[in-house]
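This report refers to the structure that appears directly beneath it.
Chain identifiers are assigned alphabetically (A, B, ...) following the order of the sequence lines, protein sequences preceding nucleic acid strands; residue numbering begins at 1 within each chain.
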Protein chains: 2
Amino acid sequence: MSDVAKLAGVSTATVSRTLQNPETVKEETRQKVFKAIKALDYMPNVLARQLRRMETKTILVVVPNIENNVFSQIVGGIDAVANERGYKVLLGNTNHRVEKIYDYIDHFKQRQVDGMIVLLSNLPDPVLQDLANEFPIVVTPDAKATVEVSTVTLDNVESGKRATDHLLKLGHRRIAHISGTLDITSSQDRLQGYQQAIVEGGYFVDHTLIKEGDFTFSSGFEAMSALLNTSVPPTAVFCASDEMAMGAIKSIKSRGLKVPDDIAVVGFDNIKFSEVFEPTLTTMAQPLFQMGKKAMTVLIERINNEALEEQHFIYQAELIVRESCGVIFR
Amino acid sequence: MSDVAKLAGVSTATVSRTLQNPETVKEETRQKVFKAIKALDYMPNVLARQLRRMETKTILVVVPNIENNVFSQIVGGIDAVANERGYKVLLGNTNHRVEKIYDYIDHFKQRQVDGMIVLLSNLPDPVLQDLANEFPIVVTPDAKATVEVSTVTLDNVESGKRATDHLLKLGHRRIAHISGTLDITSSQDRLQGYQQAIVEGGYFVDHTLIKEGDFTFSSGFEAMSALLNTSVPPTAVFCASDEMAMGAIKSIKSRGLKVPDDIAVVGFDNIKFSEVFEPTLTTMAQPLFQMGKKAMTVLIERINNEALEEQHFIYQAELIVRESCGVIFR
DNA sequence: CCTATCGATGTAATCGATTACATCAGAAGC
DNA sequence: GCTTCTGATGTAATCGATTACATCGATAGG
């Protein structure tokens with residue numbers, strides 16, 4: 001920078017101002033500086049700026065595993081806004097190992113990032129709370145109500161209810177539910193929505209029809225197999241993920257039964273392959289990209305102290321009707 | 001840091017040494033320093049260190065779109081090694097817009113990253129060459145041989161050949177190929193492998209059996225539909241991606257034909273859903289996670305000047321035989 | 001006993017920008 | 001004509017660690 005200043009015949013302060021606050025520099029001087037910058041092919045050293053300003057224009061995204069399409073879609077949304085607003089995205093893959101996140105928390109304390117978006121951390125409440133009190137943090141898409149922190153979530157209760165309702169409306173009375181791991185709020189909420197729909201429909205919840213899965217294809221397969229082994233199997237199943245729904249369907253088919261004729265299935269997530277699978281999956285579509293965008297937007301407000309209180313945004317899932325539930329609208 | 005120094009009764013230099021080169025500090029002093037660090041809950045400011053050392057311990061991964069499973073698997077591998085070696089991973093999503101990469105290139109010039117891994121950039125040769133001459137760069141999984149830069153690639157010619165060979169061995173003579181976009185080397189190589197297999201088998205390449213797709217489900221569907229509309233449709237198809245293979249199968253089924261009975265299909269990539277799809281897909285599995293790990297390892301060597309020449313690593317794909325080709329080994 | 005060497009530590013320059021404060025010329029107001 | 005204000009620019013402190021060099025005491029060798 002001093003080279004540029006020398007060549008332009010001004011001080012380094014003027015060079016800096018030309019780049020950061022052009023309006024405070026005379027047009028003529030500005031031109032000289034720009035000419036010198038171009039002549040020397042000068043690029044500011046961002047590290048020095050960051051040190052002085054104590055900001056990095058970088059945010060950290062902690063994700064259980066980036067290979068999972070649900071998370072990578074959210075990251076896509078985060079990245080879109082980050083780019084637009086001049087932020088960089090640092091990826092923190094925990095591979096489901098909770099302790100890994102403590103390494104990432106140090107990034108904060110070392111001022112390596114200005115903020116953080118946590119995707120499903122399983123971090124103990126007090127730890128997260130302490131962190132959120134001190135640093136800008138947004139949690140998505142699974143957040144516990146017990147921590148005061150900004151969140152971007154899905155209305156999982158309502159979504160679970162609407163998925164189940166759809167099956168009720170189609171005339172099903174024995175509707176099973178294969179939930180996600182019940183240690184996360186989203187799974188609990190979807191289960192709750194399922195129960196609400198049944199109760200509000202005037203029926204009783206049969207707990208033998210509820211099985212806990214872990215969102216994977218194979219857990220869906222096994223849960224469904226267990227349901228089929230009972231004396232009175234369900235006529236419909238609401239699964240908390242599309243992967244589990246596919247597993248369930250595979251299990252149903254393996255018994256020589258047909259979907260949706262013998263058993264109707266509704267999934268959750270609307271992953272890419274849900275419209276490729278046979279039968280195509282009726283599912284609750286989460287606006288994941290949108291949610292990622294919102295999470296980043298909220299985080300930036302927080303970083304700039306534009307929003308002092310924590311904010312909560314709740315999105316609605318969209319019911320996408322395809323073949324697996326037995327009705328196709330055109 | 002000066003607070004720590006004061007409390008421990010030493011200079012800042014000693015504090016720094018205690019953390020960076022503990023062996024040069026007397027055990028007793030070291031203890032005093034550690035005690036002071038703990039008492040004050042001190043964390044070094046990494047920005048200052050970076051500025052002084054002119055290194056960021058951060059690498060940039062430029063990826064066309066992170067939502068694509070092929071890329072996110074490679075990123076997973078990169079991330080694994082990065083973590084192990086104390087590097088952070090900055091994500092650069094280009095969303096297939098080539099010009100976006102120029103923004104990321106500035107990161108280099110501004111010394112925001114120590115190195116870069118490029119996943120399928122479509123960057124013009126001269127630009128990439130200039131960059132590679134000046135900075136540590138690794139290209140994967142699609143690289144042009146015309147640029148001198150370290151690469152981690154798949155042997156796409158051999159892979160295409162083996163996939164096609166497998167179909168030849170099963171007795172097929174009219175084998176079609178649905179390629180990826182032919183502007184990238186991997187697609188050209190897979191096509192070349194396909195042609196080699198046919199020629200070496202003693203047959204002739206029929207160019208009406210070659211269709212260009214773009215790796216997507218729908219392009220596979222359309223390419224297959226076009227093939228089925230010809231007077232003598234193929235009895236087997238080798239697709240350059242699993243997604244296209246699924247599209248092709250959907251097209252075949254929509255004509256009332258059966259896979260593999262009427263037409264055998266082989267895919268490429270071994271994405272997660274290839275074993276869920278019906279029929280399960282025979283496919284060439286790329287060791288994507290491994291390739292990501294290797295790319296990062298090579299990059300680190302380059303950053304540390306351990307490897308002065310550019311290096312090239314070529315991986316082999318593994319043929320995974322499932323239902324869609326008509327033979328199942330147990 | 002003196003000097004060379006070494007180990008442990010301190011002093012202060014350094015990385016490269018940003019920015020509070022100082023300076024100065026010229027315009028405006030009285 | 002003198003003061004005051006304003007706009008443009010320069011001077012130098014600053015961010016917080018790292019590290020070349022300096023210092024000093026102790027030990028070893030002669």
**OP:** State which of C:dT18, D:dT18, C:dG10 makes the closest approach to the side chain of B:M1.
**Re:** D:dT18

Original post:
Side chains of A:M116 and A:L131: does their closest heavy-atom pair fall under 4.5 Å?
Top reply: yes

Original post:
Any side-chain heavy-atom pair from A:M54 and B:N45 closer than 4.5 angstrom?
Top reply: yes

**OP:** With a 4.0 Å heavy-atom cut-off, tell me which residues in residues 24-45 of chain A come close to DNA chain D, sorted by residue number.
**Re:** A:V25, A:K26, A:T29

Distances under 3.5 Å between protein N/O atoms and the N/O atoms of nucleotides 4-6 of chain C, please, pair by pair.
none

**OP:** Name all residues meeting the ring-ring contact (aromatic ring centres under 6.0 Å, His included) criterion together with B:F108; count only those two or more places apart in sequence or in a different chain, and write none if there are none.
**Re:** B:F135

Original post:
Quick one: does B:F313's side chain get under 4.5 Å of B:T140's, heavy atoms only?
Top reply: no

**OP:** Determine the contact category for A:V15: base if any of its heavy atoms lies under 4.0 Å from a base atom, sugar-phosphate if only primed atoms, P, OP1 or OP2 are that close, otherwise nothing.
**Re:** nothing

Original post:
Can you tell me how far C1' of C:dG16 sits from CG of A:D3, to the nearest Å?
Top reply: 11 Å

Original post:
Quick one: are A:D269 and A:F215 in side-chain contact, heavy atoms under 4.5 Å?
Top reply: no

Close N/O contacts between protein and nucleotides 20-22 of chain D (under 3.5 Å):
none

Original post:
Taking the nucleotide of DNA chain C with the closest heavy atom to each, which residue, B:T12 or B:A48, is nearer the 5' end?
Top reply: B:T12

Subject >> Heavy-atom check, side chain of B:I117 versus side chain of B:V139, under 4.5 Å >> reply: no

Subject >> Check against side-chain contact (heavy atoms from CB on, under 4.5 Å), A:K100 and B:N83 >> reply: CA-CA 10 Å; A:K100 276 293 306 283; B:N83 266 305; 3.4 Å; yes

**OP:** Send over the distance from A:M54 CE to C:dG16 C1', rounded to a whole Å.
**Re:** 16 Å

Original post:
Is any side-chain heavy atom of A:V118 closer than 4.5 Å to a side-chain heavy atom of A:V138?
Top reply: no

**OP:** With heavy atoms under 4.0 Å as the rule, sort A:S16 into base, sugar-phosphate or nothing.
**Re:** base

**OP:** Kindly check if the number of other-residue, nucleotide or ligand heavy atoms within 6.0 Å of CD (B:E306) is above 12?
**Re:** yes

**OP:** Run through A:T153, A:D142, A:T181 and flag the one making a side chain to side chain donor-acceptor pair (under 3.5 Å) with A:S186.
**Re:** A:D142

**OP:** Take atom CG of A:L51 and atom P of C:dT14, then tell me their distance rounded to the nearest Å.
**Re:** 17 Å

Original post:
Would you say B:Q20 and B:R49 make side-chain contact, with heavy atoms under 4.5 Å?
Top reply: yes

**OP:** Output the single nucleotide from C:dG10, D:dA17, C:dG16 whose closest atom is nearest the side chain of B:R49.
**Re:** D:dA17

Original post:
With a cut-off of 6.0 Å (strictly less than), are more than 12 heavy atoms of other residues, nucleotides or ligands near CD of A:E99?
Top reply: yes

**OP:** Determine, stepwise, if the pair A:I74 / A:L288 fulfils side-chain contact (heavy atoms from CB on, under 4.5 Å).
**Re:** CA-CA 5 Å; A:I74 296 178; A:L288 296 169; 3.9 Å; yes

**OP:** For B:E55 and D:dT19, give me the distance from atom CD to atom C1', rounded to whole Å.
**Re:** 14 Å

**OP:** Could you state the atom-to-atom distance from CG of B:L19 to P of D:dT19 in whole Å?
**Re:** 12 Å

**OP:** Send over the distance from B:L47 CG to D:dT18 P, rounded to a whole Å.
**Re:** 12 Å

Original post:
Can you tell me how far P of D:dG16 sits from CZ of A:R53, to the nearest Å?
Top reply: 16 Å

Subject >> By side chain to side chain contact (heavy atoms under 4.5 Å, CB included) - contacts of A:D125 (at least two apart) >> reply: A:K144, A:T146, A:V147

Subject >> Five-pair end axes of the helix from C:dC1-D:dG30 to C:dC30-D:dG1 and the angle they enclose, rounded to 10° >> reply: 50°

Original post:
Between C:dG16 and A:S2, is there an OP1 or OP2 to side-chain N/O distance shorter than 4.0 Å?
Top reply: no

**OP:** Determine the contact category for B:V46: base if any of its heavy atoms lies under 4.0 Å from a base atom, sugar-phosphate if only primed atoms, P, OP1 or OP2 are that close, otherwise nothing.
**Re:** nothing

**OP:** Assess the side chains of A:Q112 and B:K88: does a donor N or O sit below 3.5 Å from an acceptor N or O?
**Re:** yes

Original post:
What is the distance from CZ of A:R111 to C1' of D:dG16, rounded to the nearest Å?
Top reply: 12 Å

**OP:** Select base, sugar-phosphate, or nothing to describe what A:Q20 touches, counting heavy atoms under 4.0 Å on all strands.
**Re:** sugar-phosphate

